Amino acid sequence: MDCSEAIAETPAIAYKLFFKAAIAIPIWHYLLGMLLLCMGFLYNLLELHFFHDLFTGFRGSPVLLTYNSSSDLYRGVVTKCRTLHGRYLATPWLSSPHIQTSFLNFFGKPPRVSYKRQLFHASDGGTFALDWLRHFDVSGVTTHRYRDICKDDTTPIVVMIPGLTSDSASPYMKHLAFNTAKHGWNVVVSNHRGLGGVSVTTDCFYNAGWTGDVREVIKYLHHEYPQAPLFVVGTSIGANILVKYLGEDGDNVPVAGAAAVSSPWDLLIGSRFISRRLLQKLYDRALTIGLQGYAQLHKSRYSRLANWEGIEKSRTIRDFDTHATCLVGNYESADTYYRHSSSCSFVQRVSVPLLCISALDDPVCTREAIPFDECRENKNTVLAITQHGGHLAFFEGIAGSSLWWVRAVNEFFEALHSSPFMHKQKAQSIDPHSAVMQSSVDQGPYINITDDGIVAATDNGRSDVDVEELCKEKKDQDQTNRTVSAGEEHEFTSGVKLPRAVQTPEKAGNSKDTSIVERCIYLVSQQNRMSIWLLAYIAIISTWPVVGTALGFIFKKFKKASPGKITK
């Protein structure tokens, strides 16, 4: 009887031989096998696509465009954009949407930028920051260091709306701002209320559907610079806000073109998606921690308006929205808030040339919410979809120092600007003395910095001097820029007057019929608080001889006319 017959007759012998063979295998073979299994598990978990890129020769995947067949925007503008008609290849060592997204938030390799801050006061009393990066700030030309943007300047202005709990200091915003300014355009980042180091001054907070601040900023910019075309870029939640605003106002918006990048589109679907799988739950938890940090900065108001205990115990974005956003925004439930704030139902009403960019592997905003049919129905919308890219990442090149979507947006805006398909900016019937127009920075870009780093607006700042006069006079300003700890690149001007809203502080300060002496006195008195007392002191000293003589003469006359006078 051979060995095989013995094993067949007694299975115990087979197990015995199997264990002997298993023991004979070196331990490092097991470790290697475990390592390969773990790598395979992580490869699938992190959705890596390195081997796919390798086998396809690192050619990348083509950009899929969705548009209306009779779209003039596609034929006249998008066809000229080589980036949108090319292929996107992710940086090889970042070939995962999760790695890309994490790398962007923790590292990002952003360029160094130096913003000029302008405090904007909304019509409801709210305060937030507009961070400017002008084209000559990155050109290396020092002759324009203190120059303001003239009212009749025709240089396009790009308004940028950050994502959830993000501001102008976020790496992706620096990438976008620097590269846009490098193309010769002026950039202004409209920070959300309570972010960017500016304290909340009213009981109103921003949310995913809050379009009031964007509307006021764009109206102000259009009124202040009527000759400059306005382009708007929204990212993540900022993209949702942008599309909702464009859909709400339809054709009556002073915007030449817009771009929405990595928009969540349908917040209800996104809320279900982000709590579905393990990694998505990690993103959900990370974003919730960011929202709790935002609430902690403004605890005095949140504890009064919302359920503070529920905010502290929140584990998900839905929990935070239930205990904070719904109570502050007066929504019945989180689902009601999500339905009301989603931008997918506003896409068909957009009348402005709009480029939408999303990645199919976005780990935060699911592909299930992308409104393909709605974008196809609207002639003013072109949807660009990439196979990879993560959330707002889209790193490209070996070094991973640039973002593909930034290049695509800038190329789209340039092609649109040189075409006849820009949306014509309608004249806004706004009273320059109305609350909306006085709301913006009528007291100048002066700020107070508290010990905890919160920046709040002050009342009186600079006088009402027209921007044209500043540009013509080329006045030199030697006052030192103030740097706020919110970011080493943030410079807040204390002596340079940035673009500001129409101001009507006092008639003596802005009336053309006012005499030169009165105007000069008004300008000096508005410089700082000490100037008022200094003027009063100078007035008393300089007029005392005349006033003293007059008082002495009046006193003598009064003494002679007194009936109780005693004669000698």
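Please read all numbers here as calculations on a predicted model, not as lab measurements.
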Which is it for Y245 and V253 under the side chain to side chain contact (heavy atoms under 4.5 Å, CB included) test, yes or no, and what are the steps along the way?
CA-CA 9 Å; Y245 156 69; V253 291; 3.5 Å; yes
Taking the side chain as every heavy atom from C-beta outward, state whether L164 and S236 have any atom pair closer than 4.5 Å.
no
If you count heavy atoms of other groups shown closer than 6.0 angstrom to NE2 of H85, is the number above 12?
yes
Please report the C-alpha distance between H49 and Q387 in whole Å, then the side-chain angles of each, then the deciding distance to 0.1 Å, and finally whether the side chain to side chain contact (heavy atoms under 4.5 Å, CB included) criterion is met.
CA-CA 10 Å; H49 47 85; Q387 190 70 29; over 6 Å; no
Side chain to side chain contact (heavy atoms under 4.5 Å, CB included) assessment of S166 paired with L195
CA-CA 7 Å; S166 298; L195 293 173; over 6 Å; no
Is there a side-chain contact between R193 and T202 in this structure, where contact means two heavy atoms from C-beta onward sitting under 4.5 Å apart?
yes
Within the 4.5 Å heavy-atom criterion, are L392 and V261 side-chain neighbours or not?
yes
Give a yes or no on whether K109 atom NZ has more than 12 heavy-atom contacts from other residues, nucleotides or ligands under 6.0 Å away.
yes
Can we call the ring centroids of F394 and Y172 under 6.0 Å apart?
no
Charged N-O contact under 4.0 Å between R318 and D284
no
Contact between R285 and I289 at the side-chain level, heavy atoms closer than 4.5 Å - yes or no?
yes
Would you find a donor on one side and an acceptor on the other, under 3.5 Å apart, between the side chain of H423 and the backbone of V255?
yes
Tell me whether the count of non-hydrogen atoms from other residues, nucleotides or ligands lying under 6.0 Å of CG in N44 goes above 12.
yes
Could you go through W265 and V243, starting from their C-alpha distance and side-chain angles, then the distance that decides it, and tell me whether this counts as side chain to side chain contact (heavy atoms under 4.5 Å, CB included)?
CA-CA 9 Å; W265 296 111; V243 175; 4.1 Å; yes
Just by modelled atom types, is the F273 backbone N or O under 3.5 Å from a matching donor or acceptor in the Q280 side chain?
no
How about F103 and W93: are their ring centroids closer than 6.0 Å?
yes
Do I317 and S271 have side chains that get closer than 4.5 Å, going by heavy atoms?
no
Is the number of heavy atoms from other residues, nucleotides or ligands within 6.0 Å of CZ (R87) greater than 12?
yes
Among L221, V217, L230, D131, the one residue meeting side-chain contact (heavy atoms from CB on, under 4.5 Å) with V188
L221
Just so I know, are the side chains of N191 and R117 near enough to count as touching, which here means a heavy-atom distance under 4.5 Å?
yes
State yes or no: are the ring centers of F51 and Y43 separated by less than 6.0 Å?
yes
Between N240 (side chain only) and S343 (backbone N and O only), is there a donor and an acceptor less than 3.5 Å apart?
yes
Looking at side-chain heavy atoms only, is the closest gap between V328 and Y302 below 4.5 Å?
yes
Pairing of D203 and R301 as salt bridge, 4.0 angstrom limit
yes
Give a yes or no on whether the ring-centroid distance for Y283 and H98 is below 6.0 angstrom.
yes
Do the two ring centres, one from F413 and one from H417, sit under 6.0 Å apart?
no
